[in-house]
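Single-structure report; data block below.
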Amino acid sequence: MAFCSIFCPRIPVRFRPKPISPFLSKPLFPLSYRVYSSLQPTPSTKDELGSVSIGFLGMGIMGSPMAQNLLKAGCDVTVWNRTKSKCDPLVGLGAKYKSSPEEVTATCDLTFAMLADPESAIDVACGKNGAVSGISSGKGYVDVSTVDAASSILISKQIKDTGALFLEAPVSGSKKPAEDGQLIFLTAGDKLLYEKAAPFLDIMGKSRFYLGDVGNGAAMKLVVNMIMGSMMASFAEGILLSQKVGLDPNVLVEVVSQGAINAPMYSLKGPSMIKSVYPTAFPLKHQQKDMRLALGLAESVSQSTPIAAAANELYKVAKSYGLSDEDFSAVIEALKAARSQQS
Ligand SMILES: NC(=O)C1=CN([C@@H]2O[C@H](COP(=O)(O)OP(=O)(O)OC[C@H]3O[C@@H](n4cnc5c(N)ncnc54)[C@H](OP(=O)(O)O)[C@@H]3O)[C@@H](O)[C@H]2O)C=CC1
Ligand SMILES: O=CC(=O)O
């Protein structure tokens, strides 16, 4: 059943890749680090999408809209979340519900997991009644959580020991891109699963990168978020400095938006930061987790990252002020507190 659904989807003949053994590791086309949707056409009808049963574990800020987009595209989706009530809106839209990750992977061909951190990703995959207990040969597990390479490799090994395939696929892009199906997937692992999951990644995202061995997707995501966390901390310093010297910080945001250092993040978050409101898209606790994991990655190769290390300290201070569940732009509050201590 699973083999029929995942590995022989009912995709029109013109779209099918050259027949190969499912477990042949040789790529279907020359290995490129950038693989766009156009190389792997999406099944064209709702019936074709619906022929693969999809599991989704983790209905948080990101998991919920991602699963919703799969449902809206006509996929057969089964959801699970530690806090069951967060599954209700999805069930209202037509999703099935199972009461453990094990039951989800036992009944679904392809399961996605979007969990908070390495601990929860490992627990949901490898713990009691976890995904590993229900999964088997012919199925696939795609972990889209942001974790470190070692955790991803551990999950991969346990999944693959069952005969199933594994892909790590952390995403770049926050709540709004998740709602709009505009995420960027940073994938690594089983190439065959990458190809079979592609139509579903394309429903949830705007692009996807295949980066080779498990661990490379995790590392890429951590490097990207290390840069993002440092950028946000620096932006917060700039807003406060502009205010202190009597400038209008709204004008600063406008100036930044027109120049070479423009980033959508600044225009999006700047106005609310100036008003000291932080509607949560990317929780500050997750940004600090990513800084911590990125610093660990840097440490593992003796790479110096002083700017990220300083930014991480600010996120830690912000957490200690009870800002963990606010948006990560609330890091500015840590600087405000430092300023008031000085004066
Ligand atoms: N928000 C964003 O902008 C982005 C987030 N990410 C990454 O995606 C992942 C999810 O983020 P996001 O959706 O924002 O986070 P949320 O905090 O909103 O959701 C976390 C999810 O993990 C579950 N969870 C937490 N701890 C456990 C546990 N011990 N056992 C089982 N389930 C657990 C939560 O369940 P429960 O509901 O029961 O608490 C929830 O489903 C993180 O790794 C994050 O870094 C990546 C890109 C963007
Ligand atoms: O991980 C967060 C993001 O915005 O990307």
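Counting convention: from 1, in listed order, for ligands and their atoms alike. Computed over heavy atoms, backbone and side chain alike; hydrogens, waters and symmetry mates excluded.
Using a 4.0 angstrom heavy-atom cutoff, G173 counts as in contact with ligand 1.
Side chains of Y194 and R208: a donor on one and an acceptor on the other come within 3.5 Å. No side-chain donor-acceptor contact under 3.5 Å links D123 and S120. T107 and K96 share no side-chain donor-acceptor pair at under 3.5 Å.
Residue V124 has at least one heavy-atom neighbour below 4.0 Å for each of these atoms of ligand 1: 31 (C). Counting atoms of ligand 1 from 1 in the listed order, those under 4.0 Å from a heavy atom of M59 are 41 (O). Those atoms of ligand 1 with a heavy atom of N81 less than 4.0 angstrom away are 35 (O), 36 (P), 37 (O), 38 (O), 40 (C), 41 (O). Ligand-side atoms of ligand 1 in range of G58: 41 (O), range being under 4.0 angstrom from any heavy atom. The contact set between ligand 1 and A281, taken as ligand atoms under 4.0 Å from a residue heavy atom, comprises 1 (N), 2 (C), 3 (O).
By the 3.5 Å distance cut-off applied to N or O atoms, I61 is counted among the residues near ligand 1. At least one N or O atom of K289, backbone or side chain, sits closer than 3.5 Å to an N or O atom of ligand 1. For a threshold of 3.5 Å applied to N or O pairs, the pair formed by A116 and ligand 1 contains at least one separation below that value. When only interatomic distances are considered, the shortest N/O to N/O separation between R82 and ligand 1 falls below 3.5 Å. Among the atoms of M62, some N or O lies under 3.5 angstrom from an N or O of ligand 1. Polar contact with ligand 1: present for L115 (N/O pair, distance under 3.5 Å). For ligand 1, the polar-atom distance check finds an N/O of K86 within less than 3.5 Å of one of the ligand's N/O atoms. On a distance-only criterion, K285 and ligand 1 share no N/O pair closer than 3.5 Å. Residue S145 has no nitrogen or oxygen atom sitting less than 3.5 Å from a nitrogen or oxygen atom of ligand 1, judged on distance alone.
Taking a 6.0 Å sphere around CE of M220, one finds it holds 12 or fewer heavy atoms contributed by other residues, nucleotides or ligands. Within a 6.0 Å sphere centred on NZ of K160, other residues, nucleotides and ligands contribute more than 12 heavy atoms.
One hydrophobic cluster, built from ILVMFWY side chains closer than 4.5 Å, cannot hold both I307 and V331; they sit in different ones. Note: the hydrophobic cluster containing M226 does not contain V147 (ILVMFWY, side chain heavy atoms under 4.5 Å, direct or indirect links).
The shortest contact between atom 38 (O) of ligand 1 and any protein heavy atom is with T83 OG1, 2.5 Å. Taking atom 6 (N) of ligand 1 as the reference point, the nearest protein heavy-atom neighbour is T146 OG1, 4.0 Å.
Among residue pairs with one or both ends in residues 151-187, none qualify as ring-ring contact (aromatic ring centres under 6.0 Å, His included); sequence neighbours excluded.
Sorted by chain and number, the residues within 4.0 Å of ligand 2 by heavy atom are S172, G173, S174, K221, N225, M228, F282.
Here the shortest heavy-atom pairing between P271 and V253 reads CD-CG1, 4.5 Å.
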N262 and S257: CA distance, side-chain angles, deciding distance, side-chain hydrogen bond (donor to acceptor under 3.5 Å, both in side chains) verdict: CA-CA 5 Å; N262 178 33; S257 79; 5.2 Å; no
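The residues K176 and E179 are annotated as not salt-bridged, no charged nitrogen and carboxylate oxygen being separated by less than 4.0 angstrom.
Among the candidates L193, L211, L201, V171, the single residue satisfying the side-chain contact (heavy atoms from CB on, under 4.5 Å) test with T187 is L201.
When non-hydrogen atoms are compared, ligand 1 lies under 4.0 Å from the side chain of P283 (C-beta onward) but not from its backbone.
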